[in-house]
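A quick write-up on the structure given underneath.
Chain identifiers are assigned alphabetically (A, B, ...) following the order of the sequence lines, protein sequences preceding nucleic acid strands; residue numbering begins at 1 within each chain.
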Amino acid sequence: MVFSQTLTNWYSINKRDLPWRNTVEPYRIWLSEIILQQTQIKQGLPYYQAFVNAYPDVKKLADAPQDHVLKLWQGLGYYSRARNLHETAKHVAYNLNGNFPDSYKDLLKLKGVGDYTASAIASICYNEKKAVLDGNVYRVLSRYFGVDEPINTSKGFKVFKALAQEQLDSNNPANYNQAIMDFGATQCTPKKVQCNNCPLSESCVAYRKDLVDVLPVKLKAKKPKKKYYNFLVYLSTDNKTFLEQRTGKGIWKGLYQFPLLETEKPITHTDLKKQIANNQKQAFDLRLFNTKDIVHKLSHQHLHTKFWIIDVQELSENSILISELKNYPVPVLIEKFIEAFNFS
DNA sequence: AACGCGGGGGA
DNA sequence: TCCCCAGCGTT
C-alpha cells in the first residue's frame, strides 16, 4: 500500500506527456504497446505518430497492403510485430466487427499480444486488475523488495508476476501500471540511478544494502553468431536491378533485399565471379563496393557484409527500376547501402 | 525451458 | 564492448 501509494503520488507529479496517454481507445493503446515492445519510447514515438496518421482506425490498418505496413515499420526491428499487428487488425476488423476484446483473457488470444500487452491494454482501457510486468517493473520490484531471483527465467517470471499483482493498486490499475513503468524508465533506471531524490529509497532493500547496481539479476545472453552475407547488386544500363523478398523463418521475414549469397567464410572476387558465371550466360562486370566488410550488429548475429555490384547490359522481366527502390521495405543494412551507393 | 528475433542508445 | 529497452512465438 505504501509502495503503490508512493508510486502513484510520484506519477501524478512526474508523469510524461505522451500521445497515447490522451486516450483509452483500445486501437491506439494496442498500437502503442506493440510498437513499444522491447523498444524505448524515444525510438518508438515517431513510429506511433506515423501509424496513427496513416491508419487512424483499425479498419484502415486492416485494409493496407502488407508492404505498406512493413515500410512504415522499417527500421524499428522485430518485424514479426508488424506482421502480427497487421494480421490482428484484419481479425479485429472483419471477425470482431471492429471491436477489440475487452478482457485480459480474450486480449491474450490476439497474435502478438502476450501477458504484458494483454495486461497493459486490459488495465489501461478497461481498468481490469492486471499488473503489467515489463523490464521496468522487474527492475523496480527486484530492487525495492531485494529479490535476487533471475528475471529471465520462467521461475523468475512467476515470482515477479505474483509480486507485481500483489502490489497492484486495485483502485486504479491503469494509473498504477503506468506509474511503476514510468518510474522505472526515468527514476529507477538501469544505470545512473537517481536514488538521491527517490521517494522510495528509505524503505528500498537494494538501497539500504547497497545492492542497487547488482539488482535485478539476469542470466547472461549467448554470444552473437558470425555470418557472411554477400549481396548481389545487379545494375543494368537502363537503371534496373533485382530485389527479392525474404521468406522462411530467419531475420527480416517479409522485407526485401538484393539477391543474397551467404557463405561459411569470406568469399574472394575470383570465386564469386565463377559462381555467377555458372548461373548466367550474359556478360557481366563484377566489382566490390565496400573494401572492408560492413559489420551489421544485431543482438544475436553479426553480419559481415559485402555488397557486390554486377554491371550487365539488361535484366529480365522481374527486375525493378532503381527509382522504385524507395517503395520497398528493406532492412536498415540495405537502406544504408542504398543511401551510400546513391546509384550514380 | 531455451531460443530466435532488430536496431538504437548509454556508459 | 556490453547491456538495456512498455516481449512474443516457436521449438
Side-chain angles (χ1 to χ4, degrees), chain A residues 16 18-21 28-48 70 73-85 87-88 107-124 130-140 150-158 160-161 164 174 176-186 188-193 213-214 216-225 227 246 248-255 295-303 329-336:
Chain A
R16 288 178 288 180
L18 301 166
W20 48 86
R21 289 195 171 148
R28 296 194 179 211
I29 299 301
W30 164 72
L31 178 61
S32 73
E33 293 298 346
I34 302 297
I35 287 175
L36 292 171
Q37 287 167 4
Q38 294 288 282
T39 303
Q40 296 191 336
I41 286 177
K42 187 178 175 187
Q43 188 189 4
L45 184 53
Y47 286 85
Y48 174 80
L70 285 174
W73 199 273
Q74 180 178 304
L76 198 55
Y78 285 142
Y79 297 94
S80 66
R81 289 184 292 169
R83 299 192 306 268
N84 288 335
L85 181 85
E87 199 175 323
T88 292
L107 285 162
L108 205 49
K109 296 173 186 166
L110 302 176
K111 272 207 175 172
V113 175
D115 179 81
Y116 164 76
T117 306
S119 301
I121 300 173
S123 63
I124 294 171
K130 278 285 176 182
V132 292
L133 183 53
D134 75 334
N136 294 305
V137 178
Y138 275 119
R139 189 168 53 255
V140 173
I151 62 172
N152 55 340
T153 64
S154 49
K155 186 185 176 191
F157 173 79
K158 287 178 192 163
F160 282 95
K161 183 75 184 181
Y176 168 81
N177 274 338
Q178 295 181 84
I180 191 170
M181 289 193 283
D182 240 26
F183 182 79
T186 65
C188 192
T189 47
K191 288 167 188 173
K192 293 283 184 180
V193 51
D213 54 354
V214 178
V217 175
K218 193 171 185 179
L219 271 37
K220 283 225 307 192
K222 291 198 326 178
K223 297 241 168 171
K225 211 177 158 188
K227 292 197 167 187
R246 289 186 67 101
K249 290 192 306 181
I251 57 171
W252 301 333
K253 183 179 176 184
L255 302 195
V295 184
H296 189 67
K297 292 180 178 177
L298 310 176
S299 10
H300 47 287
Q301 294 180 37
H302 286 182
L303 308 176
V330 296
V332 165
L333 173 63
I334 301 294
E335 179 70 12
K336 284 181 177 168

Within a strict 4.5 Å, meaning less than it, do heavy atoms of the V113(A) and N84(A) side chains meet?
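Side chain of V113(A) against side chain of N84(A), heavy atoms only: no contact under 4.5 Å found.
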Side-chain touch Y79(A)/I251(A), heavy atoms, less than 4.5 angstrom
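Y79(A) does not reach I251(A) side chain to side chain.
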To the nearest 0.5 angstrom, please state how far the CG atom of N152(A) sits from the CG atom of L219(A).
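The CG atom of N152(A) sits 5.0 Å away from the CG atom of L219(A).
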Describe the nucleic acid contact of [X] in one word from base, sugar-phosphate, nothing, applying a heavy-atom distance below 4.0 Å.
| X | answer |
| --- | --- |
| N177(A) | nothing |
| K225(A) | nothing |
| I29(A) | nothing |
| I35(A) | nothing |
| V113(A) | sugar-phosphate |

Would you call the rings of F160(A) and Y138(A) parallel, tilted or perpendicular, taking 30° and 60° as the class edges?
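Because their plane-to-plane angle is over 60°, the rings of F160(A) and Y138(A) count as perpendicular.
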dG6(B) base to S299(A) side chain: any donor-acceptor pair below 3.5 Å?
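Side chain to base: pair found, below 3.5 Å.
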Tell me if the side-chain of Y78(A) makes a donor-acceptor pair with the base of dG6(B), cut-off 3.5 Å, by modelled atom types.
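A donor-acceptor contact between them is present.
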Testing the basics here: between P224(A) and H302(A), what is the closest heavy-atom pair and its distance to 0.1 Å?
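Looking at all heavy atoms of both residues, the closest pair is CG-NE2, 3.4 Å.
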Report yes if a side-chain nitrogen or oxygen of [X] is closer than 4.0 Å to either non-bridging phosphate oxygen (OP1 or OP2) of [N]; otherwise report no.
| X | N | result |
| --- | --- | --- |
| H300(A) | dC5(B) | yes |
| Q38(A) | dG7(B) | no |
| K222(A) | dG4(B) | yes |
| W20(A) | dA6(C) | no |
| Y138(A) | dG7(C) | no |
| K297(A) | dT1(C) | yes |
| H296(A) | dG7(B) | yes |
| R139(A) | dC5(C) | yes |

5'-most by nearest nucleotide on DNA chain C - K191(A) or R16(A):
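The answer here is K191(A).
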Assign each of G184(A) and K220(A) to its nearest nucleotide of DNA chain C by heavy atoms, then name whichever residue's nucleotide is nearer the 5' end.
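It is K220(A), whose closest nucleotide lies nearer the 5' terminus.
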With the side chain of E33(A) defined as its heavy atoms from C-beta on, choose the nearest nucleotide among dG7(B), dA6(C), dC4(C).
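Within the option list, the nearest is dA6(C).
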Can you tell which of dA11(B), dC3(B), dG7(C) lies closest to the side chain of Q37(A)?
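The closest nucleotide is dG7(C).
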Identify the stems formed by DNA chain B, where each pair is Watson-Crick or G-U wobble with both distances under 3.5 angstrom and a stem is at least 3 consecutive pairs.
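Counting only runs of 3 or more consecutive pairs, the stems involving DNA chain B are B:1-5 with C:7-11, B:7-11 with C:1-5.
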When the [atom1] atoms of [M] and [N] are compared, how many Å lie between them, rounded to an integer?
| N | M | atom1 | value |
| --- | --- | --- | --- |
| dG9(B) | dC8(C) | P | 24 Å |
| dC4(C) | dC5(B) | C1' | 16 Å |
| dG6(B) | dC5(C) | C1' | 12 Å |

Side chains of Y116(A) and E33(A): is there a donor and an acceptor less than 3.5 Å apart?
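Looking only at side-chain atoms, E33(A) and Y116(A) do form a donor-acceptor pair, the distance falling under 3.5 Å.
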